[in-house]
Amino acid sequence: MNTIFSRIISGEIPAAKVYEDEQTLAFLDIRPAARGHVLVVPKEEYTSLLDMPVELVAAVARTVQIVATAIMHGLRAEGFTVVQNDGTAAGQTVFHYHVHISPRWQGDSPIVQWIQSKPEQPELQAVANQLKQHIAQ
Ligand code: 5GP
């Protein structure tokens, strides 16, 4: 696979780059949710978080922290939202793992919004039990 992000990483197509290290690249989203919306990608191509070695997950997280610091200081943001869409059902459109970081200011439009449900405690416990069966220790 040669994703659009791999073509940005190789320099084949341009992007407004913000930060780069050996394993990761951060650049502005071409269709930003807010001014300063950045994408952080691993240079090695993986579709999903679930496919990635944990060291690379950590490298991306480190870059997210570096970029979020720059967003807070450089753009005087009041907060930021971090999102990763994993899978078509989640809204992933570029199948090269990436993390969105979008600056936030009081009163702006939400980047992620959901309708809160109100499950009873037994339902919460049942879901927790279902998940715990699939957590590798
Ligand atoms: P997803 O929906 O997969 O979570 O997010 C993909 C993001 O990649 C979108 O927000 C979209 O605007 C951005 N994007 C798609 N193509 C390009 C491109 O060629 N350059 C840049 N900088 N961003 C892109």
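Start at 1 and go down the list; that is how both ligands and their atoms are numbered. Note that the structure is predicted; figures quoted are calculated from it, not measured. Index from 1, following the sequence. These values consider heavy atoms only, across backbone and side chains, with no hydrogens, waters or symmetry-generated copies.
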Regarding ligand 1, does [X] bring an N or O atom to under 3.5 Å of one of the ligand's N or O atoms?
| X | result |
| --- | --- |
| I13 | no |
| G91 | yes |
| V94 | yes |
| H37 | no |

Heavy-atom contacts with [X] under 4.0 Å: which atoms of ligand 1 show up? List them by number with element.
| X | value |
| --- | --- |
| N85 | 1 (P), 2 (O), 4 (O) |
| Q92 | 3 (O) |
| I8 | 20 (N) |
| H100 | 1 (P), 4 (O), 5 (O), 7 (C), 10 (O) |

Exercise for the section: For E20, look at atom CD and say whether over 12 heavy atoms of other residues, nucleotides or ligands are found less than 6.0 Å away. Expected result: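 More than 12 heavy atoms, drawn from other residues, nucleotides or ligands, come within 6.0 Å of this atom.
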Problem - Distance-only side-chain donor-acceptor flag, Q125 / N129, under 3.5 Å - result: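 A pair is found: one side chain offers a donor N or O, the other an acceptor, under 3.5 Å apart.
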Nearest heavy-atom neighbours spanning [X] and [Y]:
| X | Y | value |
| --- | --- | --- |
| L75 | W105 | O-CZ2, 3.6 Å |
| N2 | R7 | OD1-CG, 3.8 Å |
| Q92 | G87 | OE1-N, 2.7 Å |

Exercise for the section: Please answer whether the main-chain N or O of L50 pairs with a side-chain N or O of S48 as donor and acceptor at a distance below 3.5 Å. Expected result: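 Checked: pair present.
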Problem - Same cluster (ILVMFWY, side-chain, under 4.5 Å), I66 and V41 - result: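 No; tracing contacts between hydrophobic side chains, which count when under 4.5 Å, never links both residues.
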Handout entry: ILVMFWY network linking V83 to V99, side-chain heavy atoms under 4.5 angstrom
Key =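 Different clusters.
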Do me a favour and list the nearest non-hydrogen protein atom to [atom] with residue, atom name and distance?
| atom | answer |
| --- | --- |
| atom 14 (N) of ligand 1 | I30 CG2, 3.9 Å |
| atom 1 (P) of ligand 1 | H98 NE2, 3.2 Å |
| atom 22 (N) of ligand 1 | L28 O, 2.9 Å |
| atom 3 (O) of ligand 1 | T93 N, 2.7 Å |
| atom 7 (C) of ligand 1 | D29 OD2, 3.5 Å |

Handout entry: F5 and ligand 1 - part of the residue with a heavy-atom distance under 4.0 Å
Key =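 The answer is the side chain.
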Practice task
Of the side chain and backbone of I4, name the one, both, or neither that has a heavy atom under 4.0 Å from an atom of ligand 1.
Solution key: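 Answer for I4: side chain.
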Practice task
Give me the ring orientation class for F5 and F27: parallel if the planes are under 30° apart, tilted from 30 to 60°, perpendicular past 60°.
Solution key: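 Aromatic pair F5/F27 classed perpendicular.
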Problem - Residue pair Q84, Y97: steps toward the side chain to side chain contact (heavy atoms under 4.5 Å, CB included) verdict - result: CA-CA 8 Å; Q84 188 243 325; Y97 173 84; 3.3 Å; yes
